[in-house]
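Data first, discussion second: the structure below is written as structure tokens.
Starting from 1, each residue takes its place in the sequence as its number. As the structure lists them, so they are numbered: ligands from 1, and atoms in each ligand from 1. Side-chain atoms are counted along with the backbone in the values below, which use heavy atoms only and exclude waters and symmetry mates.
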Amino acid sequence: MIDKDTEEALLALRSYLDQFGFTRFSKYIVSVKLYGLNPSMIGLGTRDSVADFSSYLTGEYSAIGLAACLMIGIPVDYAGLTGLEQRVADRLIAVGLLKREGGLLFMGPYQLISVAGMPLLEDARVNFPSSSNHEVYFGPDSLLLAYYVDTASIQRTDPVLDLGTGSGLVGLYLSYFSDRVTVTDIAPAPLRLVHLNRVLNRRTETVEIRTERYEDTLAQGKRYKAVTFNPPFVALPQELQAPIYAKGPGLDGQDYCRMLISRLDDILAPGGTAYIVSDLPGSVKEPFFVADLQRYAASQKRSIEVYIDSRSDYIAGSQMFGPLGEYLQRENPSLTKEECTARIEQLHRKTLGADCTHLSVMVVRTAGELPSGVRVFNRYRTLPLGGFEVPLKGSPS
Ligand SMILES: C[S@@+](CC[C@H](N)C(=O)[O-])C[C@H]1O[C@@H](n2cnc3c(N)ncnc32)[C@H](O)[C@@H]1O
């Protein structure tokens, strides 16, 4: 999937990143306040405010210029780089991972970020929007999925699976805990990216990449201790075209979630756990999908936890479907942005009758000694903004 020159360029990049402490540098730039929420929050709109780099790119501070260019997208003067940086930059330019125009270097097709200590390349258009939509997805749901995995329950010899891996973020994260990771995808852009990220993270021995449809992975009869799944889950009108990572099948977009949950016995090892992330339409009380989960829990004797981590309310007149409409208009050139927005809004508010979406991680296991059923941990049940009510001092108990 990737050639020798690209592999060598990535290994040279990794060795340079390790030498100057890229992960620490990245955390510093994003800041402790935001890193936990979204380590890749540097984009076109924020790169000038994250920190002032000009004074750090020369003299005794130099050696971070190449990383800053790859990460923040600021053009960097080739002549001002250290010898090591120039050698790495030359290799990256030769394989198309960095651009050179005259004496200046520019970010190539990928942005370099750091997640959980791993350097990762992501489709640069996620954070640096251009005239075309990004081809590989990465977002808060990817981070949330990794966050909720009970990593302490995974042994190094346990086989684990990340279905539809995209950039490979979750699968590579799992490789910190298991030496037998399988990741799958079917689209060329994510498959190329996960190959790049696997080399950048020196995981070619422990992470297997398979070009395989979800359905075929489920049919293979191989079982895993942990399965992570970040499927396309956005509920979108049938007639609208959308990128492969976004539109979920079924009226409410959740049919891939249903597919995995109903077939867990085909893929989970005894004592195994499935982690599924989705943005679930619902009422402010709870996601509509909880009713489906209750049926699965009862008929298959499952213990299911739903962690609702954030909620987006469909506030009347707020134009909240506007950005999605604009993004989908690029895929549906015969429609206007307003038409796309109106169709999405109609589906969510009228057809589904939803008031909001709940970004949730569903954790599904065989009940065993646990009671079978669904436990919804919804931080919005206590206070509208998701906080917890602190009991007043002296209040009667
Ligand atoms: C929401 S993205 C996952 C993003 C990933 N968690 C990350 O952080 O990069 C869903 C991925 O599933 C892949 N996909 C969609 N349909 C698929 C199918 N039927 N079989 C396998 N992969 C599929 C897409 O190509 C996409 O990369």
* Asked: For Glu101 and Lys99, what are the C-alpha separation, side-chain angles and deciding distance, and is it a salt bridge (Lys or Arg N to Asp or Glu O under 4.0 Å)?
  -> CA-CA 7 Å; Glu101 285 171 28; Lys99 284 190 281 195; 5.5 Å; no
Any idea which protein heavy atom is nearest [atom], and the distance to it?
| atom | value |
| --- | --- |
| atom 11 (C) of ligand 1 | Gly164 O, 3.5 Å |
| atom 8 (O) of ligand 1 | Ser142 OG, 2.8 Å |
| atom 5 (C) of ligand 1 | Thr165 O, 3.3 Å |
| atom 24 (C) of ligand 1 | Asp185 OD1, 3.4 Å |

Below 4.0 Å, non-hydrogen atoms only: which portion of [X] touches ligand 1? Side chain, backbone, both or neither.
| X | value |
| --- | --- |
| Thr184 | neither |
| Glu212 | backbone |
| Pro190 | side chain |

Does any N or O of ligand 1 fall below 3.5 Å from an N or O anywhere on [X], backbone included?
| X | value |
| --- | --- |
| Ser167 | yes |
| Tyr137 | yes |
| Asn230 | yes |

* Asked: Any ion pair linking Asp255 and Arg258 (charged N to carboxylate O, less than 4.0 Å)?
  ->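 Yes.
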* To do: Please confirm whether Glu122 comes under 4.0 Å of ligand 1, counting heavy atoms of the residue only.
  =>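 Outside the 4.0 Å threshold, so no.
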* Asked: What about the rings of Phe321 and Tyr314, do their centers lie closer together than 6.0 Å?
  ->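 They qualify: ring centres under 6.0 Å apart.
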* Asked: Taking the six-membered ring for Trp, are Tyr245 and His134 ring centroids under 6.0 Å apart?
  ->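 Distance test on ring centres: under 6.0 Å, yes.
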* Asked: With respect to atom 20 (N) of ligand 1, which of Tyr173, Tyr214, Phe233, Phe229 exhibits the smallest heavy-atom separation?
  ->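 Among Tyr173, Tyr214, Phe233, Phe229, the closest heavy atom to atom 20 (N) of ligand 1 belongs to Tyr214.
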* Asked: Under 6.0 Å from the CD atom of Gln319, do we count more than 12 heavy atoms belonging to anything else shown?
  ->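 Result for CD/Gln319: open.
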